[in-house]
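Bear in mind the structure is a predicted one, so any value in this text is a computation, not a measurement. Residue numbers run from 1 in the order of the sequence given.
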Amino acid sequence: MSENQLYYGDNLEVMRLYVKDESVDLIYLDPPFKSDQEYNILFEERNGTKSASQIKAFDDTWRWDIKTESAYRAVVESGGELARTMIAFRTILGENDMLAYLTMMAPRLMEMKRVLKPAGSIYLHCDPTASHYLKLLMDSIFGGKNFRNEIVWKRTSAHSSARRYGPVHDVIFYYTKTDKYIWTNLKVDYDENYLNKFFRHVEEETGREFQAIDLTGPGITKGDSGKPWREIDPTEAGRHWAIPDSIIESLGIDINASTKEKLNALNEAGLIYWPQKKGGKPRLKWYKDQIPGAAVLDMWNDIPPISAHAKERMGYPTQKPVKLLERIIKASSKEGDVVLDPFCGCGTTIAAAQRLNRRWIGVDITYLAIALIKHRMQTAFEESVSYEVIGEPASIQDAEALAKQDAFQFQCWALGLVGARPVEPKKGADKGIDGRLYFHDESKSGKTKQIIFSVKSGKPAVSHIRDLRGVIERESAEIGALLSFAEPTKQMLTEAAAAGFYQSPWGSHPRIQILTVEDLLQGKRIDYPPAKLVNVTFKRAPKAKNVKPGSISLL
């Protein structure tokens, strides 16, 4: 089994069934915010226009119903601090959608606590709509004493609002499981304005920029650090000599040496700045090229959101920047650690973890997300990543069960196998199109061409082939494909053959093609020009840089 896993399914069931106690080092979750809106993916066509097709990623709406009531009772009956918190929420909120949202989150957060290692950390990303309730929920599960930070991330640069201050930030709650946790003391580059303001001195001999910092600390001492040096008495100013041990050690001087010996060593090394004006006190040279970086604060305004034309944009509605996840992963984990994202969406956490040589577990409840992640991993990392997809149909019986459970998810799964994307059915839309695949096979013309897909979970008939021929003619498509459970009849094959061939630079391809679910499970794919070279259905993820080949333990 690969050490990296991608699961299709409800993250509550996945964690309960597959993720062991205390097996995860870091959890990041970006759950649907209780924003009462339906998120959709807007795909951008290759000609720059927006597609009329909107693929439903998830419905960010939670309703109080009998199922939610049952889940609420299960949480309350378990007892403890969480039960008391949920009872208080119900008293305050009543049986409304916000309570339904919190009821959905509560057992999932409990599972996350279970799978987290004692030295592990969890980051919950949310917006101000529900952040105050989620904070109380996290306190009741992880303990208020294990709350470390409320991080504010400026997610957009401008957002006007007519009757309130412009909302421009998200909130990230950072908790640990215990008081002994992984913390790498991550540093970031200093702001350029800060550097220009404080590193104003230039050493004539070397041209190095430096800041002149105080060699003394507050308070009077009667010991060695309070004695005068070169007729300068720090006690006159109510201070004492304070020399950083790191500087002394870098010079090879014993840190137990006398203060006078340390000051003399600094002076001989040219590390003391003597002001020209009379009465100026000696100061320590702090070189710009030696500073370790700035500590990361809890206000993050240095990671911009993903712009409309950014290379990393995958078209997913709630996609977060890779740099945001890289900061979290670097700060609270080490190479080889396990990172879990139970709402992994288009896979930003997974991509960041892979690039930083961490192992990972991703979970999502839509096949659309799973298809996007598989595409992203293949285009960004190619052969340098290996992972197991769990929850996908592995047999005809599995596929039939999925089709009965959720016909749209079955379509997403089948289309994802052939590199196509589903078309969300809309009232009044043209029928007969369940999916599309776009490709470019002529470098000179740059024309976008397409394959139209029809997915049938029932028994197909020759009329379906005739309908598909009509659709590809109407849509001016190059190829039409029928995906079905049953084997095609002789009449269907005859009708398909009558459609002829599409000619590409790679040869002839049947204009009408029929693939069964068994064909798909055995790896058979659509006959058209090489997918890796021509398929432009999904945006390609940028190639990952600085990835160490084989650095992740794979199979």
Side-chain angles (χ1 to χ4, degrees), residues 6-10 13 53 55-56 364-372 374-375 388-426 429-437 450-472 475 477-499 502 509-528 531 535 537-538:
L6 178 60
Y7 291 90
Y8 162 71
D10 184 330
E13 295 179 6
S53 297
I55 308 303
K56 184 176 176 181
D364 205 273
I365 201 167
T366 68
Y367 270 117
L368 176 60
I370 300 301
L372 279 172
K374 290 164 68 174
H375 171 77
E388 183 177 6
V389 182
I390 302 166
E392 283 192 315
S395 65
I396 294 177
Q397 291 74 22
D398 291 344
E400 288 176 338
L402 177 62
K404 291 178 181 178
Q405 175 188 343
D406 192 323
F408 184 67
Q409 292 300 329
F410 168 73
Q411 285 186 10
C412 290
W413 167 73
L415 293 166
L417 290 180
V418 294
R421 76 185 191 214
V423 175
E424 184 182 358
K426 288 188 170 185
D430 291 324
K431 296 181 179 181
I433 303 177
D434 295 317
R436 297 177 188 266
L437 185 156
Q450 64 174 321
I451 301 173
I452 298 294
F453 289 85
S454 177
V455 183
K456 302 296 181 185
S457 56
K459 187 176 181 180
V462 67
S463 60
H464 294 138
I465 302 299
R466 296 192 186 106
D467 291 341
L468 184 58
R469 286 187 67 177
V471 171
I472 64 172
E475 298 289 321
E478 280 63 35
I479 296 172
L482 176 69
L483 309 181
S484 72
F485 277 103
E487 291 287 338
T489 64
K490 281 187 177 181
Q491 291 91 340
M492 291 172 64
L493 293 174
T494 301
E495 185 71 29
Y502 164 67
H509 315 277
R511 286 260 290 167
I512 297 290
Q513 301 180 32
I514 306 171
L515 274 73
T516 66
V517 168
E518 186 175 2
D519 290 333
L520 296 176
L521 290 170
Q522 291 177 354
K524 187 175 180 180
R525 298 297 180 254
I526 300 299
D527 181 357
Y528 79 111
N535 192 332
T537 306
F538 295 101

Inset, instruction - Only counting residues at least two apart or in another chain, list the ones meeting side-chain hydrogen bond (donor to acceptor under 3.5 Å, both in side chains) with Gln513. - result: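 Once residues adjacent in sequence are excluded, Gln513 has no partner under the side-chain hydrogen bond (donor to acceptor under 3.5 Å, both in side chains) criterion.
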Inset, instruction - Specify whether Tyr367 and Tyr8 have parallel, tilted or perpendicular ring planes, treating 30° as the upper limit for parallel and 60° as the lower limit for perpendicular. - result: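 The arrangement is parallel - the two ring planes meet at less than 30°.
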Inset, instruction - Over 60° means perpendicular and under 30° means parallel, so classify the ring planes of Phe410 and Phe485, tilted if in between. - result: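 Ring orientation of Phe485 relative to Phe410: parallel.
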Inset, instruction - Quick one: list whatever passes ring pair (Phe, Tyr, Trp, His ring centres under 6.0 Å) with Tyr502, sequence neighbours left out. - result: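 Here no residue qualifies.
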Legend entry - Shortest non-hydrogen separation from Asn535 to Gly419 and the atoms involved: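 Taking every non-hydrogen atom into account, ND2-O, 3.2 Å.
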When you compare the side chain of [Y] with that of [X], does any pair of heavy atoms fall below 4.5 Å?
X: Leu437; Y: Ile526; result: no
X: Leu6; Y: Lys374; result: yes
X: Gln409; Y: Leu368; result: no
X: Glu487; Y: Ile514; result: no

Donor-acceptor contact present, side-chain [X] to main-chain [Y], <3.5 Å:
X: Arg436; Y: Ala420; result: no
X: Arg421; Y: Leu415; result: no
X: Glu478; Y: Gln450; result: yes
X: Asp434; Y: Val455; result: yes
X: Arg511; Y: Ala498; result: no

Legend entry - Pairs flagged by ring pair (Phe, Tyr, Trp, His ring centres under 6.0 Å) wherever residues 509-528 is involved - sequence neighbours left out: Phe439-Tyr528
